Amino acid sequence: PTALIGAALPVLVQHLTTRLEHAGRRIGALYGWNAAGAVAGCVLTGFWLLRLAGTQSTLLIAAGLNLTVFAAALLLRFAEGAGRAAVSTETKETRPVLNAERRLLIETAAVTGAAVLALEPVWARYLSYIVYNDMYVYYLMIAVILAGIGLGSLLYGAFLEKHLRSLAALGWLEAALGLSAAACYLAAGWHYGRPESGLAARHIQGLFEDRFLGFLALRLFYATLVMFLPALLSGIIFPLTCRLYCRDESAVGEDTGIIYAANTVGAVAGALLGGLVLIPLAGVQSSLFLAAAATLYLAFRLLLTSRDGKK
């Protein structure tokens, strides 16, 4: 199932992109709405479906939604019919070579994925020091991260794509990602360590008559403070990386798939490295700063390459 999920984005990007200059907007919109749907699925499943319907019924509902999408896609395909332009049989232009800049973009996707996913277990451990840690904290963490990624990607597709079109822009975003991860961590610790933090916590919880909702609101507050801004920036970085890598409109889906795959491989490595190696050996704070340092290193390389390319 996860392999099929991964294949869906490149296929949709290729289908909906007819001109190369539209690639960034299409990727940003598709990736953003995909993340928005993931937020809805995470919240509905974690806080409602599993409790009321059980595991098996929840899986059947998810399968039913996917089959509904499949049926809708078939209907759209048949509705297009002969009206859709025939696929050209002419020989495609020579594919762009994998030069140093494109290799750097693949590396950027992989290292960014690794850094963000290495931060997830760090954030989870850190939040366990501040608020009571249970499965609902995990659901909220995933929802906040996905919401940040989705909003960042949608902002890129709707507003930022025409302004962010260079390696230098990508480099500054990577620098902002690393600095924001460290700054949000320190801000949460500063807030929690203040004498007034207990009063603020009671105020947040007091907004709700239901004690459970009050606890959720407090957890959501700290999760948002720690994770939302870095997730937002990573949501902008992904479609920008894809757009910079895409050089041929006939292979936009293929190029998106390459960046998506690199980002996913990095994410897998980062999750394992963060949870099984960094935290046990270096601790929470050092692990977070190491992940932030990786993005700052990327920022340096991107800015240096961008400067060299202008000479």
Side-chain angles (χ1 to χ4, degrees), residues 1-42 59 61-96 98 102 105-106 108-110 112-113 116-117 145-146 149-158 160-161 165 234-268:
T2 54
L4 295 172
I5 291 171
L9 178 66
V11 170
L12 285 170
V13 169
Q14 184 66 59
H15 180 73
L16 295 176
T17 304
T18 56
R19 298 172 62 184
L20 185 60
E21 56 266 32
H22 296 162
R25 278 176 281 174
R26 297 289 188 271
I27 295 167
L30 289 169
Y31 193 60
W33 284 114
N34 180 262
V39 173
C42 177
L59 287 172
I61 290 170
L65 288 172
N66 280 282
L67 290 174
T68 301
V69 173
F70 167 70
L74 280 183
L75 288 175
L76 286 173
R77 178 68 183 88
F78 288 132
E80 287 177 345
R84 185 172 177 84
V87 177
S88 175
T89 57
E90 296 179 4
T91 304
K92 291 183 180 180
E93 297 179 3
T94 304
R95 294 282 286 115
L98 189 63
R102 301 188 91 214
L105 289 169
I106 294 175
T108 298
T112 303
V116 173
L117 266 292
I145 292 170
L146 290 171
I149 291 173
L151 180 59
S153 194
L154 289 172
L155 286 174
Y156 174 81
L160 301 177
E161 188 270 341
R165 294 185 173 183
S234 70
I236 300 173
I237 286 170
F238 177 79
L240 174 56
T241 306
C242 290
R243 176 61 187 90
L244 292 174
Y245 189 82
C246 293
R247 305 288 174 85
D248 180 0
E249 65 186 29
S250 67
V252 168
E254 178 185 340
D255 289 341
T256 301
I258 290 171
I259 296 298
Y260 197 16
N263 184 258
T264 302
V265 170
V268 172

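The structure presented is a predicted model; accordingly, all values stated were derived computationally and were not measured. Because only heavy atoms are used, hydrogens play no part in the values below, and waters and symmetry mates are left out as well, while side chains stay in.
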Please determine whether side chain to side chain contact (heavy atoms under 4.5 Å, CB included) holds for the pair Glu254 and Gln14, giving the CA-CA distance in whole Å, both sets of side-chain angles, and the decisive distance to 0.1 Å.
CA-CA 8 Å; Glu254 178 185 340; Gln14 184 66 59; 5.6 Å; no

Verdict with supporting geometry, Cys246 and Leu20, side chain to side chain contact (heavy atoms under 4.5 Å, CB included)
CA-CA 8 Å; Cys246 293; Leu20 185 60; 4.0 Å; yes

Residues Val252, Arg26; criterion side chain to side chain contact (heavy atoms under 4.5 Å, CB included); working and verdict:
CA-CA 10 Å; Val252 168; Arg26 297 289 188 271; over 6 Å; no

Check against side chain to side chain contact (heavy atoms under 4.5 Å, CB included), His22 and Glu249
CA-CA 9 Å; His22 296 162; Glu249 65 186 29; over 6 Å; no

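Applying the side-chain contact (heavy atoms from CB on, under 4.5 Å) test to Leu30 and every residue at least two apart in sequence or in another chain returns Leu9, Leu12, Val13, Leu16. In this structure Ser234 satisfies the side chain to side chain donor-acceptor pair (under 3.5 Å) test with no other residue, sequence neighbours excluded. Residues forming a salt bridge (charged side-chain N to carboxylate O under 4.0 Å, His left out) with Glu21 (at least two apart in sequence, or on another chain): Arg19.
Smallest separation of non-hydrogen atoms from Gly150 and Ala35: CA-CB, 3.5 Å. Of all the heavy atoms in Leu154 and Gly32, the pair that sits closest is CG-CA, 3.8 Å.
In this structure, Tyr31 OH and Thr256 OG1 are separated by 12.0 Å, a value rounded to the nearest 0.5 Å. Separation of atoms OH (Tyr156) and CD1 (Ile236) is listed at 10.0 Å; rounding is to 0.5 Å. Note that CZ of Arg165 and CG of Leu240 are 10.5 Å apart. Values are rounded to the nearest 0.5 Å. To the nearest 0.5 Å, the span separating CD1 on Ile106 from CG on Asn263 amounts to 12.0 Å. Going from atom CD1 of Ile237 over to atom CG of Leu244 covers 11.5 Å, rounded to the nearest 0.5 Å. Once rounded to the nearest 0.5 Å, the distance linking CG of Asn34 with CD1 of Ile149 reads 10.5 Å.
A centroid separation of less than 6.0 Å is found between the aromatic rings of Tyr260 and Phe238.
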